[in-house]
Amino acid sequence: MPGLLTNSDTQSSTIVPFSPEPPTLYNLHHGLTPPLAPRISISWSRGNSLRLSIFKSPDNHPQDEVGGKVVEVKVSGEDVEESGDGVKWRRIVYGSVSPFAHLQNKKNAFMAVSESMGYSSSYDAEWSKYVLEYSKEIKSLLGSRESSPAPLIEDPNTVLQNVEEPSSLKAAWELLEIFYADKHSQGWIPEQLVDWLSDYDSLLSGEMPTVYLRLVEFQAELVNIQVVEDHPAYWQAVSSALAVGWLDVVVNLLRLHGSYQLNQLGNRETENGLVEAVAVLVSKMPRMRADLPDGKLGECWYNKSEFMRAWEKWRGQITKLDCSSFWLQCSHHQTRESLKNLLQIMLGDTNALSSATCHWVELYIAHFLYIRPFTSGLESMHVLAQKCINLKPTSSPHKLMKLLDGIIGENTEVVLAECSRSFGPWMIAHATELLTAGSVQAEILLKEERDNLGGISIEESHRLVYAQVLSSHALTWQIAPIYLISCMKHGVGLLEILLYKQPVYHTQVLLKNIEICRLYDLDSVSANAMKIAGVHHWKHGRKGAGIYWLQQAGDEVRLNRIAQQLFDFVGKSISDESFEQWEGLIELLGSESRTAGGLEFLHRYRDFKKSLQQVQDGVLTDAARKAGEYLISLMKNPSTPQRFWLPLLYDSERPLLNVSQTNLLLNKLQELSVARLRPDFVEVGLPPQALSSVRLALAANLGRATLEE
């Protein structure tokens with residue numbers, strides 16, 4: 001039974017609708033004197049609301065201490081489908097990712113099996129099952145029509161139950177599922193259309209008269225009606241509900257007839273018998289379908305031959321009642337004529353069906369129910385649809401009507417155009433899976449590569465458009481790769497562009513970027529993103545973070561450049577506080593030259609500096625011996641630049657070295673003296689007498705070492 005909407009489907013002409021007088025949360029007070037330039041601060045609040053803080057000077061009212069106010073403005077409209085914004089829409093966008101990704105994985109697995117083992121007809125049945133599961137998962141995201149809680153005392157005058165407002169997006173998806181995805185229910189498409197109209201006829205009421213609107217208007221008048229059978233609106237509501245197959249509504253309305261009242265039974269027994277007979281015939285109507293939802297009336301028949309026999313028997317009972325002599329005994333003219341009109345509807349009278357329905361979709365379904373109940377095949381359905389459109393033309397048809405006409409006419413171009421124009425990129429990107437599964441013509445059209453699209457198919461083109469929409473929003477760009485990677489031609493290239501455009505200097509964005517690259521084997525993109533982040537952090541003073549990300553990227557070139565900057569501090573005195581600043585960076589660079597960019601020298605120098613500091617602090621035994629070992633190691637190591645030999649020797653007057661170690665250092669000092677004669681030699685910032693001081697210190701140390709040995 002169709003439900004009564006709790007609120008009407010309103011549409012706003014503004015992109016970001018909001019109240020012209022937003023409520024004030026609290027006022028701002030300040031003691032500043034004019035002139036004061038007005039300021040405004042904008043920040044996100046809860047949900048889809050913006051918090052505006054307006055700061056201004058009092059307007060010629062010194063006694064007014066209010067210097068501004070804070071208000072909240074809701075930036076999402078009531079119609080989520082039209083605005084494309086809001087929590088509900090983001091829930092749909094995120095919720096549809098998992099079903100889509102799972103279906104793509106299944107498709108890839110099927111393609112791999114078919115290539116290795118060859119095509120099998122069993123694959124089609126199996127694939128149809130997966131597509132139907134996918135369709136139902138998506139449909140569950142689009143909302144469910146839940147009735148309001150049942151009242152403790154049921155109102156007998158209730159015609160329609162209060163339900164949530166339906167969604168045009170879900171209505172369109174269900175149409176695609178009925179005709180393309182649900183292979184098991186192809187035999188009773190007319191009955192599925194009856195259920196569909198019952199759920200969504202209210203959506204058509206905003207643009208044209210409908211049976212649903214007639215019932216709503218009658219229910220509003222019912223409270224003021226004493227004798228319902230005397231009012232034409234009552235019988236019009238009954239005949240309209242019967243014409244579109246809402247049998248439970250028909251029976252409930254018939255039971256409102258005055259002849260059912262206890263004080264009327266004795267005088268109107270024949271009249272009540274005729275009303276009850278029609279109600280029973282309505283409730284026993286044969287229906288070609290597997291089952292019925294709770295509360296629906298009729299008798300289900302799964303087998304077509306059995307359904308035909310039950311149908312003929314039921315029609316015979318209607319004809320028998322129509323020819324009964326009891327009609328002559330019915331004294332209430334309005335009841336007699338209206339009940340006979342109901343019988344004519346059930347007998348398939350075209351004039352009665354046309355007058356009981358409001359638009360061509362309702363008339364179309366009425367023809368299925370009472371004139372052509374055995375119809376099968378889209379070709380015959382399309383002929384009937386054109387006939388109904390001619391009988392009840394519409395100047396501005398609803399978008400759902402256009403979609404239904406395209407589906408019945410097997411016009412895939414029209415279906416694609418309506419899905420794209422009326423329901424947006426999300427719809428067309430996800431609905432193509434249903435279209436290709438249910439129609440060979442649609443599959444050829446959607447998957448054929450086209451030169452005018454740059455060598456890609458229509459299916460891939462629509463997915464790329466949807467991925468672009470996702471990429472343009474900070475809250476949804478992370479799910480765009482799932483759709484891009486399903487595009488065989490340009491998907492990977494556009495995915496790389498998308499990842500490069502992300503602000504990777506934000507750690508969370510960079511981590512998400514790295515995760516996406518790992519999922520899709522984009523190692524080079526991941527490395528480049530870490531390089532970009534490392535360089536950005538380094539340039540903005542976050543040197544530790546910069547070195548870390550350059551190490552993760554394995555960027556030897558830039559790490560070596562950083563090492564060159566650190567080299568400038570090597571020649572400074574050990575008491576220089578700047579060494580403490582750079583010591584942490586040297587530690588962070590690591591000890592392995594392969595991953596640290598050839599920075600072994602800096603790590604050895606760090607250890608030497610620490611030991612040398614202990615020697616100067618008065619620890620002369622083990623520390624001095626360690627410092628000497630570090631010094632010799634540095635002087636022997638080829639990674640130690642020659643221009644740092646003199647600073648090392650200049651800082652190492654205290655350590656006690658043996659004869660061989662001292663001779664080694666003297667030889668290095670002699671090499672350094674010769675090297676200073678070359679024009680390309682770079683002098684360090686040491687005193688001019690540094691070379692002589694080191695030579696004297698080594699000579700003195702050589703004498704002490706010789707005497708000890």
Side-chain angles (χ1 to χ4, degrees), residues 1 188 190-191 193-195 197-198 211 228-229 232 234-257 259-260 268-289 292 296-357 362-375 384 388:
M1 181 176 73
W188 46 86
E191 283 288 343
L193 288 177
V194 172
D195 296 342
L197 186 67
S198 175
V211 169
V228 293
E229 59 268 24
Y234 166 71
W235 293 109
Q236 187 182 48
V238 175
S239 60
S240 295
L242 179 61
V244 294
W246 301 349
L247 307 185
D248 47 334
V249 176
V250 175
V251 173
N252 290 339
L253 287 173
L254 287 175
R255 296 284 162 76
L256 296 178
H257 195 273
S259 63
Y260 282 94
R268 306 172 67 178
E269 184 176 358
T270 302
E271 183 180 349
N272 178 256
L274 290 171
V275 175
E276 181 63 21
V278 173
V280 171
L281 285 172
V282 170
S283 64
K284 298 295 184 181
M285 176 180 175
R287 310 187 70 166
M288 181 66 180
R289 57 189 300 159
L292 279 168
K296 301 290 185 179
L297 299 179
E299 294 183 348
C300 297
W301 300 92
Y302 189 85
N303 184 277
K304 187 173 183 179
S305 59
E306 294 178 354
F307 169 72
M308 293 176 66
R309 288 194 293 270
W311 176 264
E312 294 300 331
K313 179 180 178 181
W314 180 71
R315 290 288 291 267
Q317 293 172 343
I318 296 173
T319 304
K320 183 177 180 181
L321 178 61
D322 187 39
C323 299
S324 172
S325 60
F326 288 104
W327 297 106
L328 300 175
Q329 303 175 26
C330 180
S331 59
H332 194 277
H333 174 76
Q334 188 79 9
T335 298
R336 181 176 66 252
E337 296 302 321
S338 299
L339 288 178
K340 290 182 73 68
N341 182 63
L342 296 182
L343 294 181
Q344 292 304 310
I345 289 176
M346 290 188 284
L347 289 173
D349 183 87
T350 55
N351 294 328
L353 291 175
S354 181
S355 62
T357 53
E362 293 173 348
L363 181 60
Y364 184 61
I365 291 174
H367 273 259
F368 278 135
L369 288 172
Y370 303 110
I371 299 178
R372 305 175 63 176
F374 313 118
T375 300
L384 177 59
C388 294

Indicate the atoms forming the closest heavy-atom contact of [X] with [Y], along with that distance.
X      : Y      : result
Trp327 : Leu274 : CE3-CD1, 3.6 Å
Tyr364 : Cys388 : CA-SG, 3.6 Å
Met288 : Trp188 : O-CB, 2.8 Å
Val211 : Glu362 : N-OE2, 2.8 Å
Ala366 : Thr357 : CB-CG2, 4.3 Å
Tyr234 : Val228 : CB-O, 3.3 Å

Backbone N or O of [Y] within a donor-acceptor pair of the [X] side chain at under 3.5 Å?
X      : Y      : answer
Ser355 : Ala352 : yes
Arg287 : Cys300 : no
Ser240 : Ala237 : no
Ser198 : Val194 : no
Trp311 : Phe374 : no
Asn252 : Asp248 : yes
Gln317 : Leu281 : no

Legend entry - Among Ile318, Ile345, Val250, Val249, side-chain contact (heavy atoms from CB on, under 4.5 Å) partner for Val282: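 With Val282 as partner, Ile318, Ile345, Val250, Val249 yield a single side-chain contact (heavy atoms from CB on, under 4.5 Å), made by Val250.
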Does any part of the side chain of [Y], heavy atoms only, come nearer than 4.5 Å to the side chain of [X], both counted from C-beta?
X      : Y      : answer
Tyr260 : Asn272 : yes
Leu254 : Leu339 : yes
Leu384 : Arg372 : yes
Leu369 : Met285 : yes
Tyr370 : Leu347 : no
Leu342 : Ser239 : yes

Inset, instruction - Check the pair Arg255 / Glu276 against salt bridge (charged side-chain N to carboxylate O under 4.0 Å, His left out), numbers first and verdict last. - result: CA-CA 8 Å; Arg255 296 284 162 76; Glu276 181 63 21; 3.1 Å; yes
Calculate, to the nearest 0.5 Å, the distance between atoms [atom1] and [atom2] belonging to [X] and [Y] respectively.
X      : Y      : atom1 : atom2 : answer
Leu193 : Ile365 : CG    : CD1   : 5.5 Å
Glu312 : Met308 : CD    : CE    : 7.0 Å
Glu299 : Leu292 : CD    : CG    : 10.0 Å

Legend entry - Pair Leu343-Asp349, side-chain contact (heavy atoms from CB on, under 4.5 Å): steps then yes or no: CA-CA 9 Å; Leu343 294 181; Asp349 183 87; over 6 Å; no
Inset, instruction - State which residues pass salt bridge (charged side-chain N to carboxylate O under 4.0 Å, His left out) with Arg289; sequence neighbours excluded, sorted by chain then number. - result: Glu191, Asp195
Inset, instruction - Please assess Arg268 against Glu229 for the test salt bridge (charged side-chain N to carboxylate O under 4.0 Å, His left out), listing each intermediate value before the final yes or no. - result: CA-CA 13 Å; Arg268 306 172 67 178; Glu229 59 268 24; 3.0 Å; yes
Legend entry - Counterpart residues, side-chain contact (heavy atoms from CB on, under 4.5 Å), relative to Ile371 (two or more places apart): Thr350, Leu353, His367
Inset, instruction - Please step through side-chain contact (heavy atoms from CB on, under 4.5 Å) for the pair Leu242 and Met346, ending with a clear verdict. - result: CA-CA 8 Å; Leu242 179 61; Met346 290 188 284; 3.9 Å; yes
Legend entry - Atom NZ of Lys340: over 12 foreign heavy atoms under 6.0 Å: yes
Inset, instruction - Give the C-alpha distance, both sets of side-chain angles, the deciding distance and a yes or no for side-chain contact (heavy atoms from CB on, under 4.5 Å) between Trp235 and Thr335. - result: CA-CA 8 Å; Trp235 293 109; Thr335 298; 3.8 Å; yes
Inset, instruction - Begin from the C-alpha positions of His257 and Glu271 and carry the test side-chain contact (heavy atoms from CB on, under 4.5 Å) through to its verdict. - result: CA-CA 10 Å; His257 195 273; Glu271 183 180 349; 2.9 Å; yes
